[in-house]
Amino acid sequence: MQKRVVITGIGGICGLGNDAAAIWDAMRAGRSGIGPIDNPSLHDLKVKTGCEIKQLPDHGIDRKQVVSMDRFSLLAVIAAREAMRQSGLTAHADNTYRMGAVVGVGVAGFETIEENYRAILLEGRNRAAIFTVPKVMPGAAAGQVSMNLGLRGPVFGATSACSSANHAISSAVDQIRLGRADVMVAGGTEAPLVWGVLKGWEALRVLSPDTCRPFSADRAGLVLGEGAGMAVLESYDHAMARGATILAEIAGVGLSADASDIVAPTVEGPEAAMRFCLADAGLNPEDVDYLNAHGTGTKANDQIETAAIKRVFGDHARSLSVSSTKSMHAHCLGASGGLEMIACVMAIRDGLVPPTANYREPDPECDLDVTPNTARERKVRAALSNSFAFGGTNAVLAFKAV
């Protein structure tokens, strides 16, 4: 029998708020953080809309560590410290090698990359900044979290575009199930609101000019955001032995690949990931009350995800509560699954399904109950979180009440 894995702490930061409680309050209220990006370097972009963290909190991280971090790593450390505080855990000589971290990121280090390009190509400097390499490497966030919290167990990064956070969490679950760790800090982070990244997304012609309207017939595309969402995972036995407050259980993981197209999703890949997740969790479709959809707000993604959900849940799809919180925190790429983990955990804790904000017109191809605009009270026994990425990589997590 495999080990049960539970969550004992959560932390987050994004355009909705500087901690998990503020993020959840905004989600409950259906309040979107999407708006104009306040960045003067975005001078020639056609789309300057995003979900931006307007001001970082007073995080208390030592300045010597901060100067060695790109923004994506800093956001991860801020969220991880919050999650650890809530869990009540600290690393010490007796447990440090039984505690680790896995952090997902989609596009790492672009703030640093752009700073160096501007300095060398525009300002005429003859060398890059000294911490450039350790700042931009995709595994930097996991390393910085481990250093800040003193974690000496399994530590590594996960990079799979928009599925990165869910892949990181699933990998952390594996470390605990395999007995390599008792505690893992896991989630995702991203800081993509820089000129080069936005210019690349602009070329794909999938960015919305105003806001994100998942599943609404008049949806015009996705919106990018920045942030981080992190959780402290423990084996159930470890948490119980120390009398920890358990927020929820990660009951199952489902992973699959489309093996089809680098950007166009299939129905079969997401369907398989959801089925594998339910099987791993020992859940029947009718046991799931809430599904946090990938729900990017693009025409194709929302229709394909709807079709996949119908295949997996059958008749129960009609009574399943679905929502896309990207309508509020935007698409934070590698951080999205971490922020959506917060939504799932708190939906279970509070008995409240967060809404799909900005919804205006029903789409006959997206005819699920997408919880339009207003949160709904509902007992949530189990929740699924979908993440589907460019490259056709799919990762689904199942959470349930304990």
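For clarity, every value in this text was computed on a predicted model and none was experimentally measured.
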Could you check Ser321 against Arg378 for side chain to side chain donor-acceptor pair (under 3.5 Å), going step by step and ending with a plain yes or no?
-> CA-CA 9 Å; Ser321 289; Arg378 177 171 185 172; 2.9 Å; yes
Between the side chains of [X] and [Y], is a donor N or O closer than 3.5 angstrom to an acceptor N or O?
| X | Y | answer |
| --- | --- | --- |
| Asp237 | Ser235 | no |
| Ser327 | Asn358 | no |
| Ser323 | Tyr290 | yes |
| Ser324 | Glu340 | no |
| Thr112 | Asp70 | yes |
| Asn292 | Asn386 | no |

Counting only N and O atoms by type, is there a donor-acceptor contact under 3.5 Å from the side chain of [X] to the main-chain atoms of [Y]?
| X | Y | answer |
| --- | --- | --- |
| Glu52 | Asp38 | yes |
| Asn95 | Thr90 | yes |
| Ser208 | Ala220 | no |
| Glu111 | Ala191 | no |
| Glu114 | Gly196 | yes |

Does [X] pair with [Y] as a salt bridge, N-O distance under 4.0 Å?
| X | Y | answer |
| --- | --- | --- |
| Glu361 | Arg213 | no |
| Arg318 | Asp315 | yes |
| Asp369 | Arg376 | yes |
| Glu123 | Arg118 | no |
| Asp302 | Arg219 | yes |
| Glu365 | Lys299 | no |
| Lys310 | Asp367 | yes |
| Glu271 | Arg311 | yes |

Nearest-0.5 Å distance that lies between atom [atom1] in [X] and atom [atom2] in [Y]:
| X | Y | atom1 | atom2 | result |
| --- | --- | --- | --- | --- |
| His167 | Leu255 | NE2 | CG | 4.5 Å |
| Ile13 | Ile78 | CD1 | CD1 | 4.5 Å |
| Arg81 | Asp19 | CZ | CG | 14.0 Å |
| Glu226 | Thr189 | CD | OG1 | 9.0 Å |
| Phe72 | Glu190 | CZ | CD | 8.5 Å |
| Leu222 | His294 | CG | NE2 | 8.5 Å |

Note, Asp258 side chain near Pro265 side chain (heavy atom, < 4.5 Å) = yes
Full working for salt bridge (charged side-chain N to carboxylate O under 4.0 Å, His left out) between Lys400 and Asp287 | CA-CA 10 Å; Lys400 71 177 184 180; Asp287 296 327; over 6 Å; no
Please indicate whether [X] has more than 12 foreign heavy atoms, meaning atoms of other residues, nucleotides or ligands, lying under 6.0 Å from its [atom1].
| X | atom1 | value |
| --- | --- | --- |
| Phe156 | CZ | yes |
| Lys199 | NZ | yes |
| Lys46 | NZ | no |
| Ile130 | CD1 | no |

Do the ring planes of Trp201 and Phe390 sit parallel (below 30°), tilted (30 to 60°) or perpendicular (above 60°)?
-> parallel
Please test Gln144 against Ser68 for side chain to side chain donor-acceptor pair (under 3.5 Å), starting from the C-alpha separation and ending with a verdict.
-> CA-CA 9 Å; Gln144 295 285 5; Ser68 69; 3.2 Å; yes
Side chain to side chain donor-acceptor pair (under 3.5 Å) evaluation trace for Trp195 with Asp44 = CA-CA 9 Å; Trp195 183 83; Asp44 66 343; 2.7 Å; yes
